[in-house]
Structure formats: structure tokens, C-alpha cells
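Right, one structure below, let's go through it.
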Amino acid sequence: MLRSEATSPADLDELGSKSVFINVPFDVSYEPLFVTLVGALTYLGHTPRCVLEVQETGQGRLARIFGLIGSCRMSFHDVSRVGTPARFNMPFELGLACAVSLSGAKHDIIVMDAKPYRLDRILSDYKGRDPLIHYGRCDDLVTAVLDVFAAKALPPVRDVVDATQHLRRAAGHLKQDFRSATVFRPTIFRSLFAAATEIGRTRGFIA
Amino acid sequence: MKPAAKTAEMPRNKKIVIERATVSEMLETLHVRPSEVRRAKLALAAVARMDQKRRSARVAAKRSKASASK
């Protein structure tokens, strides 16, 4: 069974325990932040997973998304897209992640926003937890992500920022290569991740 | 200028410790195909070529500036 076809949050195996689910808006203006997040997590030795892995075959999609979230040790949810047209996918997947966590699975949830103090107003059920604030800027996102993890052998922020810039440039070339207007395609996502592992390996972040 | 991201805005006080994966484990987890790895390497090579071009242009500009000031 493919890992992305997992349907139970209970199957957190050895590889899943190093995976991180990312739930972000798939729009062009978010691309730099998405690439930055993929890069930063990869450089820290975590495998980014997202719904791009879950194919649009219709039947069982929701169960597969739930299974994918459950197969990850933690998840990042960006709820910064609050304008019109309304985007329900991010809060919906955040709800699924909360369900995974409440079901007793070991699953940490990180919520991100672009503006401080906004989350309390737009998602009052989640009050009491401070989100990561990235201000819509890639470098701040790196700082925020690094802050989440324990400092055991973390690479310096400056090095990670530099490496994510490198990855963003590679993402532009990948889009050209695949003749795609966006990086939000399964094969580009995997290539992007492969590029991030290569950058991380050559810079000594991961082995 | 907007303030930088601060530790005070962290989701929780505790830091998260999760085990780190090796490159081969990571590629296995995402089922990355060899063709995708190849394309990733080509993209990185293209970035390196652009960097090299930019460096060469910078050196050439410096040289021409120096020779013009002589």
C-alpha cells in the first residue's frame, strides 16, 4: 500500500514519524512561501507531505487526506488566506489534523498566519495557542520554522535562509522545465523536494 | 519596517523534537522517481550556471571600470 493511501491515523511508522504535513493555499502568490517551507523542513531532516500526493480520483479522497495527515508526526497549517473568495481547505484540513491529534495519535499542530493577533478573531475555537507569524515574508518564515524545533544541531538561520533562496531559484527553473505556470503539481512538488534534499546534502544539513 | 518573527509568537513554549530522516529515507517516503531527481539536478545546474554568468559579468564590469579609470 502506498503511504499516501494510508487511511488510519494509527499507522505512524518509522518514516511517517519523520514526516510533516503541510497545509497551505495553493495559489501563485503563495508559491515562494511554499517553496521556502518545503526547503526549510527538508534541510531540518523532515519530509514535507501535502495533498498534492493525494490524486483527484474522487472516491475516498477525504479518507486518504485524513490518513496522510495521520501518518505524519506533525503538521503546519497556514490560515493567512482569509479574503474573498473564501478558502475553506486550510481550516478544513486543520480540523482534520485536530481530529487526528484528539484521537490520541502523537501529532503536533502548528498554525501559521501572516498577521499577529488575527487568528483569535477568525478562529476563536483555537484561542489560547499563538500562531507562527511570517508576515508574508520567506525569511521570517524560516526563522519561525526553526523556532519550532528543539535546537539540537539545528543549522544557523542565515545558512537556511540562503539555502531556501537557492531552492526558490531552482523552483523557477523547474516550472520552466515542466512548462507549468505553478509548482503545485505532484511531479514538480517531488522534483522540488529532490532539489531541496540535494541542496541540503551538499550544504551538510542532512546526510 | 515590519518586526521580525519573534519567539514570543511561538505556538507553544515547548520545542518539538522529531527524529531527522536521511536523504534516502526522505526520497523513499515521497516515492520520488529517478526522472524527478534528474530534473531537480538539472534545475540546480541551471542555477549554478546563472550564478557563474553573473559572477563573470561582475568581474568583467569591475575590470572595465578599473581600466577606464586608469
Side-chain angles (χ1 to χ4, degrees), chain A residues 2-4 14-20 42 44-49 53 73-74 108-111 116 129-135 137 139-141 143-144 147-153 166 169-174 177-178 187 189-201 206-207, chain B:
Chain A
L2 286 176
R3 206 159 302 283
S4 57
E14 198 195 335
L15 294 179
S17 67
K18 298 164 186 173
S19 298
V20 176
T42 307
L44 296 175
H46 310 312
T47 310
R49 316 287 306 271
E53 297 173 56
R73 169 66 180 77
M74 67 184 296
D108 285 300
I109 297 168
I110 307 294
V111 178
R129 296 196 196 189
D130 294 329
L132 289 185
I133 307 298
H134 55 64
Y135 300 101
R137 296 187 301 219
D139 294 357
D140 281 329
L141 177 60
T143 312
D147 265 348
V148 170
F149 296 99
K152 213 176 176 183
H166 191 171
R169 293 174 61 206
H173 287 282
L174 280 172
D177 186 22
F178 283 96
T187 188
F189 170 59
R190 287 192 298 268
S191 296
L192 183 69
F193 170 66
T197 56
E198 187 63 20
I199 293 170
R201 196 180 54 75
I206 45 178
Chain B
M1 200 175 125
K2 291 172 185 169
K6 288 176 285 191
T7 310
E9 283 154 353
M10 290 307 304
R12 292 166 210 180
N13 288 335
K14 74 166 181 140
K15 298 271 184 174
I16 293 173
V17 181
I18 78 172
E19 215 184 320
R20 295 168 70 140
T22 61
V23 170
S24 57
E25 281 177 334
M26 292 163 98
L27 294 174
E28 187 196 333
T29 308
L30 261 189
H31 305 286
V32 179
R33 300 172 190 145
S35 63
E36 289 160 350
V37 174
R38 220 170 23 245
R39 292 181 108 153
K41 285 185 177 171
L42 285 174
L44 292 174
V47 173
R49 270 198 308 277
M50 296 274 283
D51 280 347
Q52 185 56 43
K53 260 190 196 170
R54 215 172 281 170
R55 268 196 297 271
S56 305
R58 216 177 298 148
V59 169
K62 260 187 190 169
R63 272 193 198 142
S64 67
K65 201 176 168 187
S67 62
S69 63
K70 272 182 188 172

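Minimum interatomic distance between A:Ser19 and B:Thr29 (heavy atoms only, all atoms of both residues): OG-CG2, 3.6 Å. Between B:His31 and A:Arg190, the shortest heavy-atom contact is O-CD, 3.7 Å. Residues A:Gly45 and B:Met26 approach most closely at C-CE, 3.8 Å, considering heavy atoms. Closest heavy-atom contact between A:Ala194 and B:Leu27: CA-CD2, 4.2 Å. The two residues B:Ala40 and A:Ser191 come nearest to each other via the heavy atoms CB-O, 3.3 Å.
Chosen from B:Val37, B:Leu30, B:Val32, the residue pairing most often with chain A at heavy-atom distances under 4.5 Å is B:Leu30.
Here the side chain of B:Arg20 pairs a donor or acceptor atom with the backbone of A:Leu44 at under 3.5 angstrom.
B:Glu36 CD to A:Phe178 CZ: the interatomic distance, rounded to the nearest 0.5 Å, is 6.0 Å. Note: B:Leu44 CG to A:Arg169 CZ = 10.5 Å, rounded to the nearest 0.5 Å. Separation of atoms CZ (B:Arg38) and CG (A:Asp177) is listed at 11.0 Å; rounding is to 0.5 Å.
Residues of residues 52-63 of chain B placed with any heavy atom under 4.5 Å of a heavy atom in chain A are listed by number as B:Arg54.
Contact of A:Leu174 with chain B is made through backbone and side chain together, with heavy-atom distances under 4.5 Å.
Looking at residues two or more places apart in sequence or on another chain, you find a side-chain contact (heavy atoms from CB on, under 4.5 Å) between B:Arg49 and B:Ala45, B:Ala46.
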